[in-house]
2 protein chains.
Amino acid sequence: MNQIVENVGTSKGGFYHHFTSKDELLFEIHDTFITHVLEKGIYAYETHHSPTQKLKAIVKEFVNVFGLYKAHISVFYQESTYLKQQYQRSVKDKRDQFKQIVMRTIEEGKKSGEFREELSVEITTMAILGMVNWIYKWYRQSGANTMDEIGDIFVDLILHAVLQTETISKDNYKEILLDLPFFAKGNRNG
Amino acid sequence: MNQIVENVGTSKGGFYHHFTSKDELLFEIHDTFITHVLEKGIYAYETHHSPTQKLKAIVKEFVNVFGLYKAHISVFYQESTYLKQQYQRSVKDKRDQFKQIVMRTIEEGKKSGEFREELSVEITTMAILGMVNWIYKWYRQSGANTMDEIGDIFVDLILHAVLQTETISKDNYKEILLDLPFFAKGNRNG
DNA sequence: TAAAACAGACCAACTAGTCGGTCTTAACTT
DNA sequence: AAGTTAAGACCGACTAGTTGGTCTGTTTTA
């Protein structure tokens with residue numbers, strides 16, 4: 001608290017005039033970015049037809065939020081370990097909503113035949129959530145890749161993981177999947 | 001501390017007779033499971049020839065540790081946020097070693113032609129570490145899948161993500177990749 | 001001039017860690 | 001076998017520092 005208050009340039013009194021507790025602040029912080037991803041996720045889900053496009057858009061937005069709200073997310077994960085029950089529940093609620101969108105998308109992909117039939121919807125979803133959520137642990141502004149590049153790479157990895165194997169090679173997904181830079185293509189194996 | 005000591009059924013005095021600080025306990029806890037994965041990882045790396053087999057074995061061992069040391073890992077992540085610098089460095093050291101093994105494996109896979117050339121070694125590695133590390137956040141003993149199943153699914157997802165697209169369909173990887181249960185194959189789309 | 005915004009001294013509860021002491025164990029002596 | 005002793009294991013009241021949070025006031029705004 002002292003640190004928060006100091007860094008923000010305010011005082012205990014000032015802070016508690018606006019928030020009823022530290023937990024509320026934490027909740028508000030979480031709500032800021034989770035609401036953002038959730039809205040973007042829903043929008044992505046609703047504006048695209050194919051599960052592939054949906055998944056691509058959802059993942060990109062999801063990754064993107066780690067660029068936009070890096071500080072929020074770090075603080076939240078660092079301080080939220082002992083969040084009061086009521087707040088934990090609201091937090092979990094919104095996270096579950098996002099999880100549902102991803103699950104529904106994968107389910108649809110399986111039904112439509114775009115994604116592999118043998119996928120476990122639940123575990124695949126958790127794998128995606130995990131790889132993206134973990135970003136806050138390792139991403140540094142100074143790193144070699146921008147958040148946008150990371151998003152593209154993640155989309156590429158995830159789609160390769162879920163798409164029907166046969167369809168990948170058919171060049172249907174040129175625009176979505178990664179490729180070598182043109183000047184490196186000469187060395188290609190195979 | 002009070003809680004730890006109480007739950008362990010000892011006392012402050014007893015505890016500090018064996019540890020110099022809480023951080024040391026935390027470090028010891030982390031070291032227990034990180035040493036385990038690291039050894040298993042190195043062994044897996046050294047005993048297999050192909051990068052594909054290496055990666056499979058490494059991921060399986062990595063996932064497995066979350067079954068063996070669930071409690072350790074949860075405690076560590078919950079309490080380690082403010083670990084003293086010296087301990088943080090040793091922790092990071094071992095984690096980096098494991099990361100290196102994964103990176104080297106992917107690099108080798110690219111060189112051998114088994115893995116896709118266009119993969120970003122670093123980001124792919126972080127994706128793998130992320131999806132597995134995140135397990136501690138969601139895995140419940142009571143869940144639908146055993147740790148072993150999750151391991152297999154993760155291996156399947158990761159290999160589909162990294163393997164050369166052409167080779168996947170060639171049945172070379174029947175033993176490694178997942179398939180539908182035989183009784184469901186009749187419904188397969190074409 | 002009243003209400004909202006803010007300040008900061010203060011507080012209770014809790015934190016990791018200490019310290020003087022007791023109990024347990026096992027080797028050593030007689 | 002019984003007695004001695006010393007070291008390691010263990011105890012828990014206590015402390016210094018920190019935590020989130022309160023309360024009485026002052027300043028700012030409209």
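Chain naming here is simple, since letters A, B, ... match the order of the sequence lines and numbering starts at 1 in each.
- Criterion: ILVMFWY side-chain heavy atoms under 4.5 Å apart, direct or through other members. Under it, B:M1 and B:V8 are part of a common hydrophobic cluster.
- Rounded to whole Å, atom C1' of C:dA16 lies 13 Å from atom OH of B:Y87.
- Listed by first and then second residue, the ring-ring contact (aromatic ring centres under 6.0 Å, His included) pairs that reach into residues 140-164 of chain A come to none, sequence neighbours excluded.
- Legend: residues meeting ring pair (Phe, Tyr, Trp, His ring centres under 6.0 Å) with A:Y16, ordered by chain and number and at least two apart, are absent.
- A continuous path of hydrophobic side-chain contacts links B:Y69 to B:W138 [ILVMFWY only; heavy atoms under 4.5 Å].
- A:F62 is linked by a ring pair (Phe, Tyr, Trp, His ring centres under 6.0 Å) to A:F66, A:F98, counting only residues two or more places apart in sequence or in another chain.
- The side-chain hydrogen bond (donor to acceptor under 3.5 Å, both in side chains) check on A:Y136 picks up nothing, with sequence neighbours excluded.
- Under a cutoff of 6.0 Å and an axis angle of 45°, B:K110 and B:F115 do not form a cation-pi pair.
- Aromatic ring centroids of A:H30 and A:F33 lie under 6.0 Å apart.
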(message) What does the B/S/- profile of nucleotides 24-30 of chain D look like, 5' to 3', with a 4.0 Å heavy-atom cutoff to protein?
(response) -------
(request) Spell out protein contact along nucleotides 6-21 of chain D as letters: B when the base is contacted, S when just the sugar-phosphate is, - when no protein heavy atom is under 4.0 Å; keep the 5' to 3' order. (result) --SBBBBB-----BBB
